[in-house]
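Have a look at the structure below, then the notes.
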Amino acid sequence: MPELVIQLTRAGFLALLWLFVLAALRVVRSDLYSASGMRVPMPGASRLPGKKARGKSKVPRQMVVTHGALAGTRISLDGRPIMIGRADDSTLVLDDDYASTRHARLSLRGSDWYVEDLGSTNGTYLDRAKVTGPTKVPLGVPIRIGKTVIELRS
């Protein structure tokens, strides 16, 4: 009987080890496949640079990091999507334990900028609301990713 208990214990540990390996592979796979969303063509990205939007006095021209390790960092908004996360190829690379590899994307749609969470673990927040889909970002409204706070400014 004790031999049977030892064999069952070994089989249980082996099953737990395989579950851990499969869970780790699932996380790696999700990080790799979320990178493919970077190349989605965005409407309005081919706007003519000489034309200005009518009726809008303030157009976002830069993204500013207001809080966090990169406070003071400014990135010009030129119509291309901005990737935010811990990945080395992100536009804004965050060294933050609460940020995912591919955390969020800021993209231009028409004349408005939208923030989209890319399936991060800890979420992306616009002001105090959790971002669940593409959400319009008004000027001066804080976007929080972990300990980092970002704003769009004119």
### Message
Set out, in order, the CA-CA distance, both residues' side-chain angles and the distance that settles side chain to side chain contact (heavy atoms under 4.5 Å, CB included) for I143 and V137, then state yes or no.
### Response
CA-CA 8 Å; I143 303 167; V137 181; 3.8 Å; yes
### Message
Whether R109 and E116 form a salt bridge (side-chain N of Lys/Arg under 4.0 Å from carboxylate O of Asp/Glu) is what I want to check.
### Response
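Looking at R109 together with E116, the answer is yes, because their closest N to O distance falls below 4.0 Å.
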### Query
Do any pairs count as a side-chain hydrogen bond (donor to acceptor under 3.5 Å, both in side chains) and have a residue in residues 9-20, sequence neighbours left out, and if so which ones?
none
### Query
Quick one: are L77 and M63 in side-chain contact, heavy atoms under 4.5 Å?
yes
Kindly give the heavy-atom pair with the smallest separation between [X] and [Y], and that separation in Å.
X   : Y    : value
P60 : W113 : CG-CD1, 3.9 Å
P81 : R105 : CB-CD, 4.1 Å
V93 : A87  : CG2-O, 3.5 Å

Look up atom [atom1] in [X] and atom [atom2] in [Y], then write down how far apart they are to the nearest 0.5 Å.
X    : Y    : atom1 : atom2 : value
S120 : R86  : OG    : CZ    : 12.0 Å
I82  : S107 : CD1   : OG    : 9.5 Å
S100 : L118 : OG    : CG    : 9.0 Å
I84  : T91  : CD1   : OG1   : 8.0 Å
I75  : T73  : CD1   : OG1   : 7.0 Å
R74  : Q62  : CZ    : CD    : 4.5 Å

### Task
For D89 and R102, run salt bridge (charged side-chain N to carboxylate O under 4.0 Å, His left out): C-alpha distance rounded to whole Å, both residues' side-chain angles, the deciding distance at 0.1 Å, then the answer.
CA-CA 10 Å; D89 63 343; R102 305 258 184 248; 2.7 Å; yes
### Task
Before giving the answer on salt bridge (charged side-chain N to carboxylate O under 4.0 Å, His left out), spell out for K136 and D112 the whole-Å C-alpha distance, their side-chain angles and the decisive distance to 0.1 Å.
CA-CA 7 Å; K136 184 178 173 182; D112 298 319; 3.7 Å; yes
### Task
Take D96 and I145, measure what side chain to side chain contact (heavy atoms under 4.5 Å, CB included) needs, and give me the verdict at the end.
CA-CA 9 Å; D96 189 341; I145 297 172; 5.8 Å; no
### Task
Determine, stepwise, if the pair T148 / L70 fulfils side chain to side chain contact (heavy atoms under 4.5 Å, CB included).
CA-CA 8 Å; T148 305; L70 299 173; 5.6 Å; no
### Query
Honestly curious: do V141 and L108 fall in one hydrophobic cluster under the side-chain, below-4.5 Å linking rule?
yes
### Task
Identify whether L94 and L152 are in the same connected component of the hydrophobic contact network (ILVMFWY, side-chain heavy atoms under 4.5 Å).
yes
### Query
Just by modelled atom types, is the V59 backbone N or O under 3.5 Å from a matching donor or acceptor in the S154 side chain?
no
### Task
Go through I150 and R144 one step at a time and tell me if the side chain to side chain contact (heavy atoms under 4.5 Å, CB included) criterion holds.
CA-CA 6 Å; I150 302 162; R144 186 172 55 84; over 6 Å; no
Can you give each donor-acceptor pair under 3.5 Å made by side-chain atoms of residues 123-134, sequence neighbours left out, with the distance rounded to 0.1 Å?
| unit_1 | atom_1 | unit_2 | atom_2 | d |
| --- | --- | --- | --- | --- |
| T124 | OG1 | H103 | NE2 | 3.2 |
| T124 | OG1 | D117 | OD1 | 2.5 |

